[in-house]
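Chain A is the first sequence line, chain B the second, and so forth, proteins listed ahead of strands; every chain is numbered from 1.
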Protein chains: 2
Amino acid sequence: MLAAARTAFAERGFDATSIRAVATAAGVDPALVHHYFGTKDKLFLAAIEAPADPEAFLPEVLAAGPEHLGENVVRMLLRVWDGPMRPAGLALVRSAVGNEWTARLLREFLVSQVLRRVLGTLDLPAAEGEARGALVASQLVGVVMTRYVLRVEPLASAPAEELVAAVGPTLQRYLTGDVALPGRRD
Amino acid sequence: MLAAARTAFAERGFDATSIRAVATAAGVDPALVHHYFGTKDKLFLAAIEAPADPEAFLPEVLAAGPEHLGENVVRMLLRVWDGPMRPAGLALVRSAVGNEWTARLLREFLVSQVLRRVLGTLDLPAAEGEARGALVASQLVGVVMTRYVLRVEPLASAPAEELVAAVGPTLQRYLTGDVALPGRRD
């Protein structure tokens, strides 16, 4: 079931994949997939062996309201990555960069499990939410890369709260500020 | 000579590596290294098989003055990555993420060949230049990762100038704006 799910999510993306299609591909009854994994979100997280379920920590990020969203998003990112999940996170990033399929799965994780939930609280038109979310991703992924992978100083050793103060305003602008938003080229 | 240079740059970093030390490690005369590579910068670029020499395109980035530096830095990044150098760039990023040594070399490349030259024009105290440069790196590396590796839409397909408009102000703030700068933890 998990192998079938991985293939489906990587090939078609999170949105276009149904529990029914995964069940058919795995040759089992959809009820069995529901029984083992509950929701499509949980099936996806199990399939990509996600080190953490964003649903568990995002409510705290969202609770302080839209005007604190920028700093709270980086703060949570750093709490997860400065903690015991770092090795699993690094393994996922390494795999995503080296492998087209894992890259797609990491992108689907970012978009469907993290960005959409964060942006969902702002009640924006879909295209605007997507563009703001992608800009947020560009800064968050960059913080992970420079602090944990490339280890560029002083970002590599600075206390988390100093990064929150420096990068939070960027994220806040991308989330709720005045930005010339990029659009897909058709 | 190139293997000895790679080892030295990865182990000790760009600054602490001399042409003399590379020559000694390779068992040749320093004059020979000078003859083949000219400067330490060129030796480094040859050692890491850099797809491009930043010295060739940075003057154009710097020419328009400090107040346009943010947009011009992203514009140049996108011109390089949207052009024929993308495969070599992707190969370098893939290798850096999977391999601690290549990660160090890519960091030394970013810091010594790109950020230091860009920040050098702003005439800042060393620690401030380092911190602003690292923040710039966090956004630039994030753009590369989201647009070219993870391919998060709309960043993956948006016209370059739309990205310049969205991300340029972030870089300008990191370069010359009001930022709570992070510092190394001792």
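Smallest separation of non-hydrogen atoms from P159(B) and G183(A): CD-O, 3.9 Å. Contact record, E162(B) with L181(A): OE1-O, 4.2 Å, taken as the closest heavy-atom pair.
Ranked by heavy-atom pairs under 4.5 Å with chain B, the list R104(A), E130(A), E108(A) is led by E130(A). For the set G168(B), A156(B), A134(B), the entry with the most heavy-atom pairs within less than 4.5 Å of chain A is A134(B). The most heavy-atom pairs under 4.5 Å with chain A, out of M145(B), E161(B), R147(B), E100(B), come from M145(B). The greatest number of non-hydrogen atom pairs below 4.5 Å with chain B, out of L155(A), V141(A), V179(A), is found for L155(A). The most heavy-atom pairs under 4.5 Å with chain A, out of G142(B), S138(B), A166(B), come from S138(B).
Panel note: side chain S157(A), backbone R185(B); a donor-acceptor pair is recorded below 3.5 Å. Under a 3.5 Å cut-off, the side chain of R184(B) and the backbone N or O of P154(A) do not form any donor-acceptor pair.
Side-chain heavy atoms closer than 4.5 Å link hydrophobic residues (I, L, V, M, F, W, Y) into clusters, and following such links, even through other members, never connects F9(A) to W101(A). Grouping the Ile, Leu, Val, Met, Phe, Trp and Tyr side chains by contacts below 4.5 angstrom, directly or via other members, places L77(A) with F57(A).
Remark: Y36(A) OH is loosely packed, at most 12 non-hydrogen atoms of other residues, nucleotides or ligands lying under 6.0 Å away. Open room surrounds CD on E49(A); 12 or fewer heavy atoms of other groups in view lie less than 6.0 Å from it. The environment of R20(A) atom CZ is sparse: at most 12 non-hydrogen atoms of other residues, nucleotides or ligands sit within 6.0 angstrom.
The contact between L110(B) and chain A is made entirely by side chain atoms (from C-beta outward), counting heavy-atom distances below 4.5 Å. Within the 4.5 angstrom heavy-atom criterion, no atom of V144(A) approaches chain B. Of the two parts of V93(B), the backbone and the side chain both hold a non-hydrogen atom closer than 4.5 Å to a non-hydrogen atom of chain A. Contacts between R173(B) and chain A at a heavy-atom distance below 4.5 Å involve the side chain alone, from C-beta outward. With a threshold of 4.5 angstrom between heavy atoms, T146(A) approaches chain B through side-chain atoms but not through N, CA, C or O.
The line from CZ of R107(A) to CZ of R151(B) is 8.0 Å long, rounded to the nearest 0.5 Å.
Side-chain atoms of T170(B) and Q139(A) form no donor-acceptor pair, as typed in the model, at a separation below 3.5 Å.
Counting heavy atoms from C-beta on, the side chains of E153(A) and V111(B) never come closer than 4.5 Å.
Of the options V149(B), L150(B), V152(B), a side chain to side chain contact (heavy atoms under 4.5 Å, CB included) to L106(A) is made by L150(B) and by none of the others.
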